[in-house]
There are 2 protein chains.
Amino acid sequence: MTSRTPRPRERGIPEATVARLPLYLRALHGLSERGTPTVSSEELASVAGVNSAKLRKDLSHLGSYGTRGVGYDVEYLIYQISRELGLTQDWSVAIIGAGNLGRALADYGGFGTRGFRIAALLDADPKTVGREVAGLSVRHIDELEDVVSDEKVSIGVIATPAAAAQGVCDRCVGAGVGSILNFAPVVLNVPEHVDVRKVDLSIELQILAFHEQRKAVGRRGPGWADALEV
Amino acid sequence: MTSRTPRPRERGIPEATVARLPLYLRALHGLSERGTPTVSSEELASVAGVNSAKLRKDLSHLGSYGTRGVGYDVEYLIYQISRELGLTQDWSVAIIGAGNLGRALADYGGFGTRGFRIAALLDADPKTVGREVAGLSVRHIDELEDVVSDEKVSIGVIATPAAAAQGVCDRCVGAGVGSILNFAPVVLNVPEHVDVRKVDLSIELQILAFHEQRKAVGRRGPGWADALEV
DNA sequence: ACGCCCTTGTGAAAGCGCGCACAAAGTGGG
DNA sequence: CCCACTTTGTGCGCGCTTTCACAAGGGCGT
């Protein structure tokens, strides 16, 4: 262990901040492509759609990479955020499930351009295996363990039907996958050391429906819902 | 207007709670299909993957729908949550963008079963227009305003390339859409009264990469990252 | 009818995230 | 060389979220 921690960095980046770093990174790439050399917190915050004070506080968790009176150097900040997120190295990803969603994910350009390499696209259906998708030949699910091992896959993307998800998840974890992105509408049980993030399209719609209904209630006048009760 | 508000309900459901209600609903549907008549907060919380105290507090915001010593009636709770989320009425959804992702969304079964009806699937590409997807014929983007008006569409799903998203969004808002689910990797600008939720597949992967890297750093011993600095 | 046991519903406290507002620091012009 | 201007980095208070712990309430066996 190195004496005592020299800075409060590296250890304590708030989860909320981590979730926004990719957002800043995306905005910065946009500025970079347009040739902008430096950017103020105000401008960057505006592009990223957040409060400028929040942006500055977020960035301050990584270190002091800005220049007072000037702003942030775009390229340098891109590098620092990328490094913090671990995007300066490549990550191998396996997508399990080659249905509509799995194929859409494999075909999605946003992955390859940010340090993620799709190592394999797997499916259980023999009729789908062998099919060509986004330059990849769909492989059989039983090759999962070999793929994870050979390709050093550390992130698994589950795009299977709900019923198959937990089984696939267990096999991923058993094979050594450390993080899972789950698109199946189930809660996955995993060991302590495995990270899971979920994306549920149906849930997002339901949240929107709630707000939409509230707006409708407001237009009709309050209190009408009570009439339906009891 | 009904005298004074009888309960502190309806008005003040925390956003964090709203985001979890669909999760509980999904868990309850599972229990319902298995014929379970009642469920305790402990059991339901376990299935939904949350803390039982949090579950109880969440449900308490809707009212007192449990029975002490027994638990919650599954069917009754399903009804109450559905009503609160506004799922007892049908919502018309338009999906804009019939690429891989748009088609996957149109084909995704989870929508129709939860009170959402896909009114139309639209695309700008003449070669895609007319194609049959999930029982729907892809229509041209210029029909957007007509579709929204005729089909009473209140939720728009944007599955277009990033460059087209803001334009499509503006047209949706102009046509009267009140909520937008955005899959394009851009920050959308909308008027005050419009709700936007975003799903960015690339961002989720980047967050996982961060945690994965942290785990790797831990294994190699702390402090190695500092050697790369300056 | 009574008392035991189970589970809900909720105060209270701790934790976290957000945004204001300002001091610190660096730039450029005169 | 100094001063005015710009922008960062952050201390602080506020409100939301989570969690604990327990009193209140209801069923069930005897």
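As a basis for the values below, the full set of heavy atoms in this structure was taken, side chains included, without hydrogen atoms, waters or symmetry mates. Throughout, protein chains are lettered first and strands after them, A, B, ... in sequence-line order, and every chain is numbered starting at 1.
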Is there a side-chain polar atom (N or O) of A:Ser41 under 4.0 Å from OP1 or OP2 of D:dT8?
yes
Contact under 4.0 Å: A:Arg20 side-chain N or O vs C:dC18 OP1/OP2
yes
Integer-rounded Å distance: C:dG17 C1' and B:Glu15 CD
15 Å
Under-4.0 Å side-chain N/O to phosphate OP1/OP2 contact, A:Thr67 with C:dG26:
no
What nucleotide among D:dG26, D:dC20, C:dG19 has an atom nearest to a side-chain atom of B:Asn51?
D:dC20
Taking only Lys NZ, Arg NE, NH1 and NH2, and the carboxylate oxygens of Asp or Glu, determine whether B:Asp58 and B:Arg20 approach each other closer than 4.0 Å.
yes
Rounded distance (Å) that lies between atom P of C:dG17 and atom NZ of A:Lys54
11 Å
Take atom OH of A:Tyr65 and atom C1' of D:dT7, then tell me their distance rounded to the nearest Å.
19 Å
Please give me the minimum heavy-atom distance between B:Asn189 and B:Cys169, naming the atom from each residue.
O-SG, 4.3 Å
Rounded to whole Å, the CG-C1' distance (A:Asp73 to D:dT7) equals 15 Å
Heavy-atom donor-acceptor pair, A:Lys152 side chain to A:Ser92 backbone, under 3.5 Å
no
Take the protein atom CD of B:Gln80 and the nucleotide atom P of C:dT8, then report the distance between them rounded to whole Å.
16 Å
Using whole Å, report how far CG of B:Leu55 lies from C1' of C:dT10.
14 Å
Partner of B:Tyr65 by ring-ring contact (aromatic ring centres under 6.0 Å, His included), out of B:Tyr76, B:Tyr79, B:Tyr72:
B:Tyr76
Considering just the side-chain nitrogens and oxygens of A:Tyr72, establish if one lies under 4.0 Å of OP1 or OP2 belonging to D:dG9.
yes
Taking only side-chain N and O atoms of B:Ser40, does any of them lie within less than 4.0 angstrom of OP1 or OP2 on C:dT7?
no
Whole angstroms only, please: what is the NE2-P distance between B:His61 and D:dC16?
11 Å
Note: for A:Ala53 and A:Gly69 on DNA chain D, the residue whose nearest nucleotide lies more 5' is A:Gly69
So A:Ser52, base contact, sugar-phosphate only, or nothing? Heavy-atom distance under 4.0 Å.
nothing
Measure CD/B:Glu42 against C1'/C:dG9 and give the value in whole Å, please.
15 Å
Check whether the side chain of A:Lys57 and the base of C:dG17 form a donor-acceptor pair under 3.5 Å.
no
What nucleotide, of C:dT27, D:dG27, C:dG9, holds the atom closest to the side chain of B:Val70?
D:dG27
To the nearest 0.5 Å, what is the distance between CD on B:Gln206 and CG on A:Leu21?
9.0 Å
Please evaluate the base of D:dT8 for a donor-acceptor partner in the side chain of A:Arg68 within a cut-off of under 3.5 Å?
yes
